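Heads up: the structure comes next, in structure tokens.
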4 protein chains.
Amino acid sequence: MPQMPKDSQESPSSPQARRRRAPAMDRGERRRSILDAALAEFAAHGFAGARLEDVARRAGVAKGTLYLYFSDKEALFRGLVEENLSPVIVDAGGMVALFPGTTRELLDLLIELLAQRVLEAPAQALVRLMIAEGPRFPELAAYYHREVVVRGLALIRAIVARGIARGEIDSDIPAQFPQLVIAPAIVAVVWNSMFGTFDPLDVRRFLAAHRDLILRGLGWRET
Amino acid sequence: MPQMPKDSQESPSSPQARRRRAPAMDRGERRRSILDAALAEFAAHGFAGARLEDVARRAGVAKGTLYLYFSDKEALFRGLVEENLSPVIVDAGGMVALFPGTTRELLDLLIELLAQRVLEAPAQALVRLMIAEGPRFPELAAYYHREVVVRGLALIRAIVARGIARGEIDSDIPAQFPQLVIAPAIVAVVWNSMFGTFDPLDVRRFLAAHRDLILRGLGWRET
Amino acid sequence: MPQMPKDSQESPSSPQARRRRAPAMDRGERRRSILDAALAEFAAHGFAGARLEDVARRAGVAKGTLYLYFSDKEALFRGLVEENLSPVIVDAGGMVALFPGTTRELLDLLIELLAQRVLEAPAQALVRLMIAEGPRFPELAAYYHREVVVRGLALIRAIVARGIARGEIDSDIPAQFPQLVIAPAIVAVVWNSMFGTFDPLDVRRFLAAHRDLILRGLGWRET
Amino acid sequence: MPQMPKDSQESPSSPQARRRRAPAMDRGERRRSILDAALAEFAAHGFAGARLEDVARRAGVAKGTLYLYFSDKEALFRGLVEENLSPVIVDAGGMVALFPGTTRELLDLLIELLAQRVLEAPAQALVRLMIAEGPRFPELAAYYHREVVVRGLALIRAIVARGIARGEIDSDIPAQFPQLVIAPAIVAVVWNSMFGTFDPLDVRRFLAAHRDLILRGLGWRET
DNA sequence: TATGAATGAGCGTTCATTCAT
DNA sequence: AATGAATGAACGCTCATTCAT
């Protein structure tokens, strides 16, 4: 129906079959509520285990409506990743660029950002979902790598370079392997998703210990 | 086929495998070949996505045969973890107990063990599978926690205590959070399973860098 | 199909059923057609032997559609009993309550009801199915006992009491064992289901003979 | 291996694979134990629901051994019916031919025979099995009709004729429909198999009431 | 003769996707 | 645009039957 030029609001109260759902949301709002529902269901049951009927019910729409917003289950999963992970990196980038204090203080700030925005639900679930399902969605993994991982690692390199420039640290190991800096955060997500119920890991204390360990490992000295 | 005159034992080992029995493996061998096939299929498609028919075909047995060795799909998954991951921890424990050299040399040895037996072997896929599917198999996660994780962390604590006793290191951070020591290995598995095809991580160099970083962070000095 | 110019409602009932939806029955109609198909298949192959695919095909729906109406195979069987047997008892009850004539005439009426609604109808197969499968469906057997058998026997007791009150009969044996009155009807069902093809039993004559036999046994006299 | 003329008992203690099962039963004994096991399993789970593996285990033989005695599951069921039901009729026939007392006493005797040999397990189960599965085994039903039912009904006719000849009864209804005489026994089997657990029917009292009812219905008078 | 591991056709059930309304 | 009943391919699991030993 590529053309629909005229009079689109003609007689809105015509006596035709009148059981359309609440048009009380605009397209963007509804898309968001579907994505939120999908995140909850995918997080709870994995990609394969999540049922689109449950996503629809949770979003308050009919099953068929999902297909008006996403072409299939995979597209829904893609939409999820694309809309939830990028913003954190952007914010962190801004933070690093403007921060005036020591590297230690900067790390504390980022730990807090990470803890609040990623290591707690629902984003935590998304990270775990990417780990779990990534290998079966190579294009999505590439997207994630490009948009989130590479940028995040660049940010770590920037922090290290900044610290070296300020004379606070002296090692360039994390410049080669910035993953070493973020690894405990990843592990914390994995740990709590698997063992959180019976052996929870205190993420903030865990990351603080990591900060202390690597700062010393990086040759930290107060300037 | 009422007539069957002569030569009934002509070439009994002719290769005319005509939809007949698998060629008489002993029970252990067949169990292994099923587990190997299952690992490959689970790794490729995840637990839910793997089809038992494909596992059977890959193992060279009929579908029903799987059920002579494993009571259901979940038991097959469980068998995988039990037979592939637990032994590594046991071996590593023996290694630590007997090792005579420095902590740095011990870590190198364990990195090599990890690299060979887990990070480069099919077992890598298994670690990722545990991460991916663990939350939906709480009992299996508990088993893995008990048999692999707790023991692995105890081993790390033993290494740290040994290093402190030898006067080689002085920090007790990893005694509180031994996960910090193993975290990069976990991340290496995740990384390579997701991005390995287009941005592979050199596991040995990565873990060596980690070793250097944390040894310094732990106050390393040659004795 | 990007173009769809005009005449979109030309002959909407054309017979070009092209692997498409079943033609819009209302819910009750479709439920009935599924039940009818299920009765036929269960009767022909027993509960375990009947294939839901055949039920679906016979009902003219897809296999999955069955599950929109019945939660599983057992529920389908239950639906069959509930909708086919219970109503007969209710109707018979109404008949007895209002009937003005002699006991003999009343029995003739009930024989006719039984013959028409149970012994000659598809419901006959259902009675045999209940006998055949009852022991393996204890809850269904209990339901059948409660809703059909107990009520049916109460009805027999009522008829006997009525006959005694009218001075037509004098025995209270069927008040103790009302099953004796209905037994030949059960046997007729069993007989015809097993031997009907080569040695059919004339149900009406059989039940009439039974009526004569027990009326005399009960001390029948015209008043 | 159609030919194997000579020396079949050469070296019975040869060191060949020696794990044959106990030859402690002759062929007939083993056949019986398989039939007994089959009756128990078929009675408990029906024809379709019974598992040959369970039959074999209960009979104390291997699964494959069943096929040395019965060509398939159906043949096993046939064997069951053929070997268990006929003897009762034969015995009852002898009893009627020789009995010197009144018809009432004869009926009492047959009730007792029926109660002991048919209305109690395991033969009861077999009657119910025939009812349940008969329609799916037309040939078996025909066999049963010919060997058991026709003979049983002939016996009833003989009893009635004997009673009339003795001047004890005067009705020929059961000569036309001898099923009326046996119907309550059939119903008792059905009743107890379905409702026996929560509403058992006292078979002997039930059949005695039937005896009284029909004797009067047949015009009984002491001679 | 007896065994029991192996087979694979078969079935109940699920759920992503479609489409008439 | 929205609905949700209908679809049917797909899959885990069972079990009667076979056959190498």
Side-chain angles (χ1 to χ4, degrees), chain A residues 1 4 8 16-17 19-23 25 27 30 48-57 61-69 71-74 76, chain B residues 12 19-27 30 48-56 61-69 71-74 76, chain C residues 12 19-27 30 48-56 61-69 71-74 76, chain D residues 8 16-23 27 30 48-57 61-69 71-74 76:
Chain A
M1 209 184 289
M4 195 228 280
S8 58
Q16 292 172 6
R19 72 187 87 117
R20 308 274 186 269
R21 256 308 176 283
M25 273 183 187
R27 193 165 171 85
R30 181 148 292 172
R51 297 160 63 234
L52 290 189
E53 176 146 22
D54 292 338
V55 172
R57 177 166 31 249
V61 301
K63 225 182 334 171
T65 304
L66 300 183
Y67 289 84
L68 299 174
Y69 290 83
S71 63
D72 58 14
K73 202 184 187 184
E74 273 192 42
L76 183 52
Chain B
R19 87 179 74 173
R20 277 290 137 239
R21 294 287 188 296
M25 269 177 181
D26 80 358
R27 198 167 168 82
R30 179 144 295 167
R51 298 161 60 223
L52 290 187
E53 181 150 17
D54 292 339
V55 172
V61 301
K63 223 185 337 170
T65 304
L66 300 183
Y67 291 85
L68 298 177
Y69 291 83
S71 62
D72 58 13
K73 200 183 189 185
E74 196 171 331
L76 186 51
Chain C
R19 87 182 70 171
R20 277 291 135 242
R21 292 290 188 293
M25 272 178 180
D26 81 357
R27 194 166 171 84
R30 179 143 295 168
R51 298 162 58 223
L52 290 187
E53 180 151 18
D54 292 338
V55 173
V61 300
K63 219 173 354 160
T65 304
L66 300 184
Y67 290 86
L68 298 176
Y69 291 82
S71 62
D72 56 16
K73 200 184 189 184
E74 196 172 330
L76 185 51
Chain D
S8 59
Q16 292 171 5
R18 181 148 297 279
R19 75 188 83 115
R20 308 275 186 268
R21 253 311 174 279
R27 193 166 172 85
R30 180 147 295 170
R51 296 159 66 234
L52 290 189
E53 176 146 20
D54 292 339
V55 173
R57 179 168 28 250
V61 301
K63 226 184 327 173
T65 305
L66 299 183
Y67 289 84
L68 299 174
Y69 291 83
S71 64
D72 58 13
K73 200 184 189 185
E74 272 191 45
L76 183 54

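Lettering of chains follows the sequences in order, A, B, ..., and the numbering in each one begins at 1. Keep in mind it's a predicted model, so treat the numbers as computed, not measured.
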Whole-Å distance, C:Leu76 CG to E:dT13 P, equals 10 Å
Query raised in the report: Heavy atoms under 4.0 Å, any strand shown: does C:Leu52 hit a base, just sugar-phosphate, or nothing?
Result: sugar-phosphate
Here the distance between atom C1' of F:dA1 and atom CZ of A:Arg27, to the nearest Å, is 9 Å
Separation of E:dG10 atom P from C:Asp54 atom CG, nearest Å, is 12 Å
**Request:** May I ask you to test the C:Leu52-C:Leu76 pair for a side-chain heavy-atom distance under 4.5 Å?
**Result:** yes
The residue, C:Gly49 or A:Asp72, whose nearest nucleotide of DNA chain E is more 5′ is C:Gly49
Here the distance between atom P of F:dG4 and atom CG of C:Leu68, to the nearest Å, is 13 Å
pair_partner(F:dT17), Watson-Crick or wobble, both distances < 3.5 Å, evaluates to E:dA6
Rounded to whole Å, the CG-C1' distance (C:Leu66 to F:dA5) equals 13 Å
To the nearest angstrom, the OH-P distance between B:Tyr67 and E:dA9 comes to 16 Å
When rounded to whole Å, the CD to C1' distance for the pair B:Glu53 and F:dA10 reads 10 Å
- Base E:dT17 to side chain A:Lys63, donor-acceptor N/O within 3.5 Å cut-off: yes
Smallest heavy-atom separation, D:Lys73 atom then D:Ala48 atom, equals NZ-O, 3.3 Å
*Base, sugar-phosphate, or nothing for D:Ala50, non-hydrogen atoms under 4.0 angstrom?*
sugar-phosphate
Between CZ of A:Arg51 and P of E:dT13 the distance, given in whole Å, is 15 Å
- prompt: For D:Tyr69 and E:dT1, is the shortest distance between a side-chain N/O and OP1 or OP2 below 4.0 Å?
  reply: no
